[in-house]
Amino acid sequence: MSFSLVVLAAGEGKRMKSEKSKVVFKVSGKEMVNRVIDEAKKAGVDDVCVVVGHKAEMVMEAVGSAAQFVTQAEQKGTGHAVMQAKDFIAKSDNVMILAGDTPLITAQTLKSAIDAHVKDENTCTVLTAVIDNPFGYGRIIRDDKGDVAKIVEQKDASEEEKAVCEINSGMYCFNSAELLKALDMLTDDNAQGEYYLTDTLAIMKAANLKVGAFVVDDATEISGVNDRLQLAEAEKVMKKRINTFHALSGVTIIDIDNTYIEDDVIIGQDTVIYPGTTIEKGSKIGKGVVIGQNCRIVNSTVGDGTDIYYSTMVDSTVGENCHVGPYAYLRPHSIVGNNCKVGDFVELKNATIGDGTKASHLTYIGDAAVGSNVNFGCGTVIVNYDGKSKFKTTIGDNAFIGCNSNLVSPVTVNDNAYIAAGSTITDEVPEGALAIARSRQVVKPDWKDKRSK
Ligand code: UD1
Ligand code: CA
């Protein structure tokens, strides 16, 4: 039996007070609309269609090839939005309808709802929840037998209906053919003058079709994001979920409320993460690593046993048993070997560093290939840029770069070479040689006394 997905994402989201579409706001690093799509895909839906309208370009760019799109030029309600996807819906036996602004829904819940829909042979299964404060939501009105009779919107509800605490999540499974028939019968005869998708349930009921409710245990899963306060709350829930997963997988997170880890980050056992640390998408952290406080690690790999303090890493790799920071900055395409030191105020960019190499303090290494067991003295600068172009520097194994040296690229320092402190190196240094590139010290005896005279 085929199951497709329609995501409603054409609304304006006025309460976000933003130039952006609401559904492209990120929660733990992933756009809300993409969270919804990814969870539904994990739950087993096949093809995906997103209904776009307000800021359509932005939504289409965020979703990319994960879905096809239909446009709802004017936003005349959720039922009207679904009507735009009629051709798409006609292609599958069943369709799941979700909103693009409910980032906390999980694949597990959607899968259970799909299973219930199929098992109970429902024409429609609506996901509902019982909450303390149902204000604003559509209410689930049940008949004498306890079956779902209809959904009434807040603005159309009687006092008695407003007292109902079972709410419509805005998530449904439908039999596609019956949904298409019911859509044709919708009217906009209601308080908001909109075509309500919710009215299809009463239409199906009147046709003696089976409408069921799937009550979601954890109501936070269905909460929508309408303003930035709710966005912050969603972020909090997602952060807790992700951190709980890592904590239960053997990672010590010192402060669960103050550590930010995005989806799909891999962290090894016995790693310790200190507060204020952000680990973003694509990162892979080894075992027994120490990170923090206040590190930002973006799409980077960290080997077993390494520690990183107060540092930033972007699109980079550090090997095993290294010491990084405090205050190191690894810019994109930095690849550091094992047993290395990238100390305080050391910046790397597009550089490869061999095993055992140490840059302990105040050093810039850009566009360079550095061998193993090299020692960078304090204040070494690789002068890789002449104002127009970038050039490459090569440094061999076991080289010793004295403090406060400039290596003017392009330049090569061969294996076992030494560079005297304070040198400005512009020419190749042969293997095993010592290069001194500074003026000799001049001493003028008794100079002070002579000057006074
Ligand atoms: C809707 C439901 C309500 C439910 C609530 C759950 C209806 C009539 N009401 O109300 O029962 O409790 O969701 O959150 O369905 N959208 C479009 N085009 C439109 C209108 C909306 O694409 O013309 C999209 C929005 O972008 C949004 C979703 O549909 O992603 C829901 O729309 P919204 O206006 O937020 O519906 P609610 O009033 O919250
Ligand atoms: Ca809403």
Side-chain angles (χ1 to χ4, degrees), residues 5-16 18 20-25 31-37 40 49-56 58-60 62-63 67 69-85 96-105 124 126-131 133-141 148 150-157 161-162 164-172 174 179 182-183 186-203 213 216 219-227 230-231 234:
L5 169 69
V6 172
V7 179
L8 308 186
E12 188 177 346
K14 280 198 195 81
R15 283 169 283 172
M16 292 303 278
S18 175
K20 292 202 301 188
S21 156
K22 171 166 82 173
V23 300
V24 305
F25 274 85
E31 297 85 359
M32 296 201 276
V33 63
N34 286 330
R35 285 202 172 275
V36 171
I37 292 171
C49 178
V50 179
V51 182
V52 293
H54 186 75
K55 305 271 177 193
M58 220 178 248
V59 180
M60 287 161 76
V63 174
F69 302 92
V70 291
T71 306
Q72 184 193 23
E74 251 185 295
Q75 280 76 61
K76 297 190 205 164
T78 49
H80 182 256
V82 176
M83 286 175 202
Q84 315 309 309
M96 174 171 264
I97 313 260
L98 301 173
D101 63 352
T102 52
L104 299 175
I105 191 67
C124 171
V126 55
L127 282 80
T128 73
V130 178
I131 60 174
N133 179 13
F135 181 85
Y137 285 100
R139 307 298 204 284
I140 304 294
I141 309 300
V148 178
K150 60 176 176 176
I151 298 175
V152 179
E153 292 305 298
Q154 173 77 34
K155 287 183 180 148
D156 302 290
E161 288 165 339
K162 280 179 190 159
V164 172
C165 285
E166 185 179 6
I167 56 130
N168 170 25
S169 67
M171 306 177 190
Y172 324 76
F174 283 103
L179 174 61
L183 287 174
L186 285 182
T187 67
D188 60 359
D189 181 17
N190 52 53
Q192 302 186 80
E194 289 184 352
Y195 294 92
Y196 290 165
L197 178 62
T198 44
D199 286 348
T200 59
L201 278 75
I203 292 169
V216 176
T220 50
E221 279 201 31
I222 59 141
S223 44
V225 170
N226 296 305
D227 57 36
Q230 290 173 335
L231 181 71

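This one's a predicted model, so the numbers in the text were calculated from it and none came from an experiment. All ligand and atom numbering here is 1-based and tracks the order in the structure.
- Heavy-atom contacts of Ala9 reach the following atoms of ligand 1: 22 (O), 26 (O) (cutoff under 4.0 Å).
- With a 4.0 Å heavy-atom cut-off, ligand 1 is reached by no atom of Glu194.
- Interface atoms of ligand 1 facing Lys76, defined by a heavy-atom separation under 4.0 Å, are 23 (O).
- In summary, the atoms of ligand 1 found under 4.0 Å from a heavy atom of Thr78, numbered by their order in the structure, are 7 (C), 8 (C), 15 (O), 20 (C), 21 (C), 29 (O), 31 (C), 32 (O).
- A distance-only check finds no donor-acceptor pair linking the side chain of Asp101 to the backbone of Gly224 [under 3.5 Å].
- Environment of NZ in Lys155: sparse, with no more than 12 heavy atoms of neighbouring residues, nucleotides or ligands closer than 6.0 Å.
- Under a 4.0 Å heavy-atom criterion, Gly224 is not in contact with ligand 1.
- Looking at ligand 1, you won't find any N or O of Glu74 less than 3.5 Å from one of its N or O atoms.
- Residue contact check: Gly138 has heavy atoms under 4.0 Å from atoms 3 (C), 4 (C), 11 (O), 12 (O) of ligand 1.
- Here atom 24 (C) of ligand 1 lies nearest to Leu8 when heavy atoms of Val7, Leu8, Asp156, Val23 are compared.
- Only side-chain heavy atoms of Gln72 come within less than 4.0 Å of ligand 1; its backbone N, CA, C and O stay farther off.
- Contact analysis puts Thr198 in contact with ligand 1, with a non-hydrogen atom separation below 4.0 angstrom.
- Note that SG of Cys49 and CD of Gln84 are 10.0 Å apart. Values are rounded to the nearest 0.5 Å.
- Rounding to the nearest 0.5 Å places CD1 of Ile151 at 4.5 Å from CG of Leu201.
- For Tyr196, there are no ring-ring contact (aromatic ring centres under 6.0 Å, His included) partners, not counting sequence neighbours.
- Inclusion of Tyr137 in the set of residues having an N or O under 3.5 Å from an N or O of ligand 1 is not warranted.
- Heavy atoms from both the backbone and the side chain of Ala10 come within less than 4.0 Å of ligand 1.
- To the nearest 0.5 Å, atom NZ of residue Lys150 and atom CD1 of residue Ile140 are 12.0 Å apart.
- To the nearest 0.5 Å, the span separating CZ on Arg139 from CD on Glu161 amounts to 9.0 Å.
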Step-by-step side-chain contact (heavy atoms from CB on, under 4.5 Å) determination, Ile222 to Ile167: CA-CA 10 Å; Ile222 59 141; Ile167 56 130; 3.5 Å; yes
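- Ligand 1 lies nowhere less than 4.0 angstrom from a heavy atom belonging to His80.
- Residue Ser169 has at least one heavy-atom neighbour below 4.0 Å for each of these atoms of ligand 1: 6 (C), 14 (O).
- For ligand 1, the polar-atom distance check finds no N/O of Ile151 at less than 3.5 Å from any of the ligand's N/O atoms.
- Those atoms of ligand 1 that come under 4.0 Å of a heavy atom in Ala99, given as number and element, are 28 (C), 30 (O).
- Under the side-chain contact (heavy atoms from CB on, under 4.5 Å) rule, Ile97 has a single partner from Leu197, Thr78, Val51, Val126, which is Leu197.
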Steps toward side-chain contact (heavy atoms from CB on, under 4.5 Å) verdict (Ile203, Leu186): CA-CA 8 Å; Ile203 292 169; Leu186 285 182; 3.8 Å; yes
Criterion side-chain hydrogen bond (donor to acceptor under 3.5 Å, both in side chains) on Asp199 and Tyr195, from CA distance to verdict: CA-CA 8 Å; Asp199 286 348; Tyr195 294 92; over 6 Å; no
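- Here's the thing with Glu153: one of its N/O atoms is less than 3.5 angstrom from an N/O atom of ligand 1.
- The residue among Gly170, Gly136, Ala81, Gly77 with a heavy atom at the shortest distance from atom 23 (O) of ligand 1 is Gly77.
- Close approach of ligand 1 to Gly100 is summarised as follows: ligand atoms under 4.0 Å from at least one heavy atom of the residue are 30 (O).
- Counting non-hydrogen atoms of other residues, nucleotides and ligands closer than 6.0 Å to NZ of Lys20 gives a total above 12.
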